[in-house]
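Let me begin by presenting the structure, written as C-alpha cells, before commenting on it.
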Protein chains: 2
Amino acid sequence: MRISDVARHAGVSPSTVSYVLSGKRSISPATRERVLESIEVLGYQPHAGARALASNRSNVIALVVPLRPGIHVPVAMQFAVSVVTSARDREHDVLLLTQAEGEGGLRRVAGTSMVDGIIVMDVEVDDARIPTLRSLSHPSVLIGVPAETEGLTCIDLDFDAAGRACVAHLADLGHREIALIGQPPSVYERRTGFAERTVAGFEAEAGERGVEATVVPCDAAPAAVTAAATDLLRERPGVTGLVVHNEPAVTPLLEAVRGLGREVPADLSVVAIAPDDLATEASPPLTSVSLPAEEVGGRAVSLLMDKLDDLGPPEVTLLPPRLVPRASAAARPALP
Amino acid sequence: MRISDVARHAGVSPSTVSYVLSGKRSISPATRERVLESIEVLGYQPHAGARALASNRSNVIALVVPLRPGIHVPVAMQFAVSVVTSARDREHDVLLLTQAEGEGGLRRVAGTSMVDGIIVMDVEVDDARIPTLRSLSHPSVLIGVPAETEGLTCIDLDFDAAGRACVAHLADLGHREIALIGQPPSVYERRTGFAERTVAGFEAEAGERGVEATVVPCDAAPAAVTAAATDLLRERPGVTGLVVHNEPAVTPLLEAVRGLGREVPADLSVVAIAPDDLATEASPPLTSVSLPAEEVGGRAVSLLMDKLDDLGPPEVTLLPPRLVPRASAAARPALP
DNA sequence: CAGCGCAATCGAAGCGCTTCGACACACGTA
DNA sequence: TACGTGTGTCGAAGCGCTTCGATTGCGCTG
C-alpha cells in the first residue's frame, strides 16, 4: 500500500496526494475530498522511513529519562508522560533513552537522523551531556537549568523562587527557626540543578528575613526519614517550620513528627514542594508549592517544536511557583 | 556524510561498505579493515530512515507502558528499563507509547513501519488490544497472560504458582488462617492478569491444604492500608499469616500491624510478592517471592527478536517463582 | 593446461516518499 | 483579443541505503 496506490484510486498523481497530506500547496476542495476518501477506503498509512528520508524529518523526538539513585520515579514519569502526550498532539513520537546510554546515545540518535530533537531531564549544574548537545546539529531542550545556559534552551519550575516562597510563607506566619528536609545526599552530590536552586532560595530568603535555617538532606527510606526528623527536632528543638522537598519522605515524615508528639500544624508547620495530588492526599493536606510536571513537559515540547520551526525561543523559561495554603501550616505556636 | 563518501574514502563501492556493516556477505579482512577505518575517521553514521526504507527494518520496537490507576510506577519502570536495555543490546531502540494511545497507537506505529515489533505490558484477562495485535502483520510480545493465548507470545512470572508458593510456605509453618493483601480494587475490576492469577493460586492452594483464606483488595494510600489491616485483624482475629501482593502497601502495612500490637513475625507472619530490593529494605526484611522485572523484560525482548527472525517461540513462558525466606515469616504462634 | 568453483567486489535497481520546476487552464485586465 | 496572474496539478529527480545478479580473478582439479 503506497502513495501511488492512493493516487491511482483517486485519479491524481502521487505528488498531489502528498500535498493533500502535508498541506504545503493548495489543492482544490474537490480533489482533496477525493484523495482523503481514497486514503480512508484503502487504509493508507505512509511509510515513516521513506518520509524521513525524503523530508529529512523523522517526526520523532528523543527523551532521556533519569532513572538513577535518589530520583522519585513517579514524578519523573509524570514529566515523561506529559512529554509523550504533548508530542503526540504535535504529530511526533517519542524515543526512550535511558540515562545509562549517556552521551553516546545522544550522538547516535542524532547522527543517524532517528530523531528531530532531544529533550533531556534531570539536568545537573555542570552536566556532562551539555557539550555533546552543543556539538549536535539537532535542537534540544533541557528540563532543568545548568550553570551556563548560553545557546541552550531550558525549562523548569523556578525552584529558587519556590524555596523562597516556602520560607516567606513560614516567616509570614511568625516562624523564626525552620528547616528544609531535602533530597537524598546523592542528588546534591551530583549537583542536580533543581535541588541546589531550592536550597539556594531557601537559604537566601531565610537570611534576608533573619530566620534561622537548617538544611537536612534526606534519603527516601522511611527509617531514614524518621531518623532525620528525630535528630533534627532533638538538636534544634526550636524549629517550628519545615519545608519538605522530597516526595517519598512526605508520609513517613508526617508520621515521624506525630510519633515525636508534635501536631501538624499546631506545633509544627509543614510546607511541601511536591505535585498537587501528593499534597492533597496527605493528612493533613499540605500547604505546598506545586510541581507542575504536566506544564513543564508540555512546554518542553513546545520549545523544541519552536526550535524545529527555526524560532529562537528564550534560553531559560522559569515557571513561577504557586504556593497553595492547605492545612499543614499555621502561625507559630506561642512560646511555652 | 553518506555511505558513498565512506566508499570513496576507502576506495571501494558503496555496496561493499554496506556489506561490511551488515556482515551479510564475506569481505576480505583487508577491505573490512580499510572500510572500518574510513568509517571511524569520517565519523560516518548511517541514516536510519534510508536504512529502514531499503531494508524494511526500522530497528525500533514499541513499548506500551501502563500508566493507569492502581499500578505501581517504580515497578512498571523496572520492566520498561530492562526492555530498553535489552533492546539496545540487540541494536534496537524503543519507542514509548502510553496506554492512553490505545489500539490506534498500535495500528499507527505498525502501519507506518515505524517499528519492527511491539511489546505490551499490563495485559488484562480479556484485553481489548489483543484483536488489534492479532490483526497486525507485526510481531508482538505480551508481558502478562490473557485468557486466550492462541497465536500470541506471552511472558510473565507464574503468578498462580507464586500465590501457591506463599500459601504453601505459610501452611508449612503451621498457619491455618491467612489473608491476601492484594492490589487496589481497580486492578481487579479491569481483570489484570497477574493480579487475578495470584488470587487464583492463593485460593486454590489454601483450599487444597484446608487453610482458611481471605482476599483483601487494598488501595495504596497509607491510610487505606491501615484501615484494611485494622478491619481484617478485627474481623478475623485468628489470622496469623499475610501474603502481600501490593508494593506500596508493604511499609504502611508493617507499621499498621505494629500499631495494632502485633509483632512480625512473632505474632503475624508476612510473605510478600515484590521486587527483591523492596523486600530486603523493609524491616524486618521480608520473606518474599521476587518479581524478576529485569528477567521478564529481557526475555520479552528475546522473544520478540525470535519472532523477527522467524523462529516460532512458545505461546506462553511462565517464570517459576522463587520464594526466599527472610525474617518476616515464622511458625504460627502457640494458641493463647 | 583447460575448466571449474569459490571468494570478493561492483553496478544498478529499487525502497516509498517529498519537492521543485513546469505546465495547463481560467480569469480579470488593458 | 492578447496578456499577465494565479491556482491547481503533474512529472521527475532525488533522499541514502540494501540487495540482487553479474563479474573478476584466483587457486584447484582432472
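Convention: sequence-line order gives letters A, B, ...; per-chain numbering from 1. Basis for what follows: all heavy atoms, side chains included, without hydrogens, waters or symmetry-related copies.
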inquiry  = Please identify the 5'-most and 3'-most nucleotides of DNA chain D with any atom under 4.0 angstrom from a heavy atom of chain B.
reply    = dG16(D) to dA22(D)
request  = Using five pairs at either end of the helix from dC1(C)-dG30(D) to dA30(C)-dT1(D), determine the angle between the two local helix axes and round it to 10 degrees.
outcome  = 50°
ask   = Is it true that atom CD of Gln99(A) has more than 12 heavy atoms of other residues, nucleotides or ligands lying nearer than 6.0 Å?
value = yes
query = Is Ser26(B) touching bases, backbone alone, or none of the nucleic acid, heavy atoms closer than 4.0 Å?
reply = base
CZ (Arg191(B)) with more than 12 external heavy atoms under 6.0 Å = no
request  = Could you tell me whether the side chain of Ser15(B) has a donor or acceptor atom within less than 3.5 Å of a complementary atom in the base of dG11(C)?
outcome  = yes
ask   = Sequence neighbours excluded, which residues qualify as side chain to side chain donor-acceptor pair (under 3.5 Å) partners of Asp116(A)?
value = Ser58(A)
ask   = Should we say atom CG of Asp5(A) is surrounded by more than 12 heavy atoms from elsewhere, each under 6.0 Å from it?
value = yes
query = Can you check whether Thr16(B) has a side-chain N or O nearer than 4.0 Å to OP1 or OP2 of dC10(C)?
reply = yes
ask   = Would you call Glu124(A) and Arg68(A) a salt bridge, using N to O less than 4.0 angstrom?
value = yes
task = Check each residue of residues 40-61 of chain A for a non-hydrogen atom within less than 4.0 Å of any atom in DNA chain D, then write out the ones that pass by number, or none.
result = Leu53(A), Ala54(A)
inquiry  = Please identify which of these residues, Leu97(B), Val115(B), Leu96(B), meets the side chain to side chain contact (heavy atoms under 4.5 Å, CB included) condition with Asp93(A).
reply    = Leu97(B)
Tabulate below the donor-acceptor pairs under 3.5 Å that side-chain atoms of residues 139-150 of chain A make, not counting sequence neighbours, or state none.
unit_1, atom_1, unit_2, atom_2, d
Glu148(A), OE2, Glu150(A), N, 3.1
Thr149(A), OG1, Glu315(A), OE1, 3.4

task = Show your reasoning for whether side chain to side chain contact (heavy atoms under 4.5 Å, CB included) applies to Asp122(A) and Arg190(A).
result = CA-CA 11 Å; Asp122(A) 197 39; Arg190(A) 63 175 179 251; 4.0 Å; yes
inquiry  = Would you say that Leu63(A) contacts Met121(A) through its side chain, given a criterion of any heavy-atom pair below 4.5 Å between the two side chains?
reply    = yes
ask   = Who are the side chain to side chain donor-acceptor pair (under 3.5 Å) partners of Ser13(A), not counting sequence neighbours?
value = Ser15(A), Thr16(A)
